[in-house]
Amino acid sequence: MLTHDQDGRPSTPTHDQDGSPSTLTYDQDGFRRAGSPHRIVSGALHYFRVHPDLWEDRLTRLRALGVNTVDTYVPWNFHETSPGKADFTGPRDLARFLTLAAGLGLDAIVRPGPYICAEWDFGGLPARLLALDGLHLRCSDPRFQAEVDGWFDCVVPELLPLLAGRGGPVVAVQIENEYGSYGNDARYRAHVERALTERGVDCLLFTADGPEDAMLQGGMIPGRLATATFGAEPAERLAHLRRYQPAGPLAAMEFWIGWFDHWGEQHHVRAAGEAARSLDELLATGASVNLYMAHGGTNFGFWAGANHTGSRPGDPGYQPTTTSYDYDAPIGEAGELTPKFHAFREVIGKYVPLPDSPLPGPLPRITPALAAPAGAAPLLAHLPLLGGAPVARPAPEPMEKLGQDHGLIHYRTTVTGPRPAMPVRIDGLGDRAYLFADGHPIGILDRNTPDDGVDLPVGESGVVLDVLVRAQGRVNYGPLLDDRKGIWRGVRHGHQHLFEWEIRPLPLTDLTGLPWSPETPGQGHPAFHRFTHTLPTAPADGFVDVSDWGTGLLWLNGFLLGHYDTPRGPQRTLYAPAPLWRTGENELVVLELERPGTQLPLRDQPDLGRPTVVTLK
Ligand code: GLA
């Protein structure tokens, strides 16, 4: 049962029942919490992937799973409002989330980066860093370290009162994230460690890396606990970690119990029975664990990341992550207690005491219905309303150079005639470009097929060339982290570089002024399509079915639910949680970029695509 203080925040129990502060330490034999032997059985749950009105519900479900700890990253780019300034209110109220966890009897592990990976845009780094020429990310480049200091100046003061030594739930803080998978800069690792300790973080600090030699060597910090991230064969993986961590506790800081999806793949699942057996094997070794993810949640807005490890033949190329981050986790995207929940709970109960409160019941769902069409607005006709006045630049520039983080970006130039039709090509495209000649769609270019061109019909008197670029997630893992959006090299017509551009960032943060007309723009004309739906009853969870549509974005009552991409799949419904709906009229807006549909059904069940069993390492 939670108690609340006068601000309505749940109050934090400051001490264990015996009155000792609940700090976490370790010695040769293992972890100790408030002085007694302890095993961390943790579940990852990211507050930034859950509507804040549902934090308490999801944490309650997490506690019911039997775990004693919640783990969350803290994404720098989600909090930063301008360099050195950050927002910790509303959906970003980290202290509220952690205090709720404490009220449910959970300890917390916090991973503030600066890099977090996490299938999150740019691994949590702010997009503006990509506008700093010559900056080297995640190393001892003094400019990068100064940026890291600026972030820790913001986030550490939020964390300090929540540390276990001061009566809060935070028992441990992670330094960087799987750093050895990216680099090997010992000075940088030491800088991040110092940046935390010098600001007062005095709880247990640790690193987490893949259990491979290069990764552990690149990521560990002398004198700090090393933990491992993996999904299978726990005994072997932990034995490998043991070679580097000769004494003290072993911890799987990420035990991948499911997996995420990219657009264009099948939906990944990991069988409940097999995952539970593997968890049992892990816990039987005596090690601690963090289930990644216990509840995955949703990549709302523009926050989904992407993978890209190379463009050699056979490489998958750039792979944006889907909007759902269900992760086939024990607690489903809409809070469902899945068969995996029950299988895991049984295993966890063998090792730590389970709470005796009854399991939370299912949450209400909306009644299936068709949303009613209510007009459309072509995008190119409303550029000034969406993007203000364009800026003039000799060559195309990426959105980061114009101070834009997310959305679409529009480039316009004029090509003189007469001249024969020749292909237009884009050098340095992030991620997909829609080309128009005098307003008529002429083709699409994609970053995964960089040699493709689109024939530009010029005619006698020349042509206006419009290039509308859609950005998806920035790469969050691997060597190709600096992933700029829009156009970052140039546009050619044949071999001739095209110069003199008007550029308009379209961040799509406010669609309120769009005039809706009954005419529906056809295929190839990017447009907003408005629908309404009247809820006669109290708001409840729903799933918007986009399977009749091509690819684009979807808003509910002004909140961006995320990207959809039906032809590539696998996801065919977007989760619309109860707090976003209103009793009475609701507005849904679809920005369709390629192939408009007609129907927008609202469902009471998700469709994340055809499941395929993932093999994890
Ligand atoms: C690694 C990272 C996590 C996440 C998982 C895959 O372990 O540390 O942030 O990206 O992979 O889901």
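Since we're looking at a predicted model, the values are computed, not measured. Throughout, numbering of the chain's residues begins at 1 and tracks the sequence.
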CG of Leu385 to CG of Leu514, rounded to nearest 0.5 Å, is 5.5 Å
Could you tell me whether the side chain of Tyr47 reaches within less than 4.5 Å of the side chain of Leu94, counting heavy atoms only? yes
Could you check if a side-chain atom of Trp76 sits within less than 4.5 angstrom of a side-chain atom of Leu125, using non-hydrogen atoms only? yes
Is any NZ, NE, NH1 or NH2 atom of the basic residue among Glu254 and Arg111 found under 4.0 Å from an Asp or Glu carboxylate oxygen of the other? yes
Does Arg365 pair with Asp604 as a salt bridge, N-O distance under 4.0 Å? no
Measure across Arg49 and Glu119 and return the closest heavy-atom pair with its distance rounded to 0.1 Å. NH2-O, 3.2 Å
Side-chain ion pair, Arg270 and Asp328, N-O less than 4.0 Å: no
I'd like to check the side chain to side chain contact (heavy atoms under 4.5 Å, CB included) partners of Leu560; sequence neighbours left out, ordered by chain and number. Phe302, Leu553, Trp555
Could you verify whether a donor N or O on one side chain and an acceptor N or O on the other, from Asp548 and Thr598, lie under 3.5 Å apart? yes
Salt bridge flag under 4.0 Å for residues Arg425 and Asp427: no
With a 4.0 Å cut-off, would you call Glu397 and Arg489 a salt bridge? no
Quick check, are the ring centers of Trp549 and His529 under 6.0 angstrom apart? yes
What ring pair (Phe, Tyr, Trp, His ring centres under 6.0 Å) pairs are there with at least one residue in residues 120-142, not counting sequence neighbours? Phe48-Trp120, Phe78-Trp120, Trp120-Trp303
When you check the gap from the basic side-chain N to the acidic O, do Arg128 and Glu400 get nearer than 4.0 Å? no
Is Glu500 salt-bridged to Arg393, cutoff N-O under 4.0 Å? no
When Arg470 is tested against each of Leu591, Thr551, Asp446, Asp431 for side chain to side chain contact (heavy atoms under 4.5 Å, CB included), which residue passes? Thr551
With a 4.5 Å heavy-atom cut-off, do Val544 and Leu556 have their side chains touching? no
Give a yes or no on whether the ring-centroid distance for Phe260 and His268 is below 6.0 angstrom. no
Mind listing the closest non-hydrogen atom pair of Gly84 and Cys154 along with its distance? O-SG, 3.3 Å
May I ask you to check whether Tyr327 and Tyr292 place their ring centres under 6.0 Å from each other? yes
Minimum heavy-atom separation for Pro126 and Glu80, please, with both atom names. CB-OE2, 3.6 Å
Which pairs pass ring pair (Phe, Tyr, Trp, His ring centres under 6.0 Å) with one or both residues in residues 423-458, sequence neighbours excluded? none
With a 4.0 Å cut-off on N to O distance, would you call Lys401 and Asp133 a salt bridge? yes
Smallest heavy-atom separation, Thr416 atom then Val458 atom, equals O-CG1, 3.4 Å
Leu45 vs Val50 side-chain heavy atoms within contact, under 4.5 Å: yes
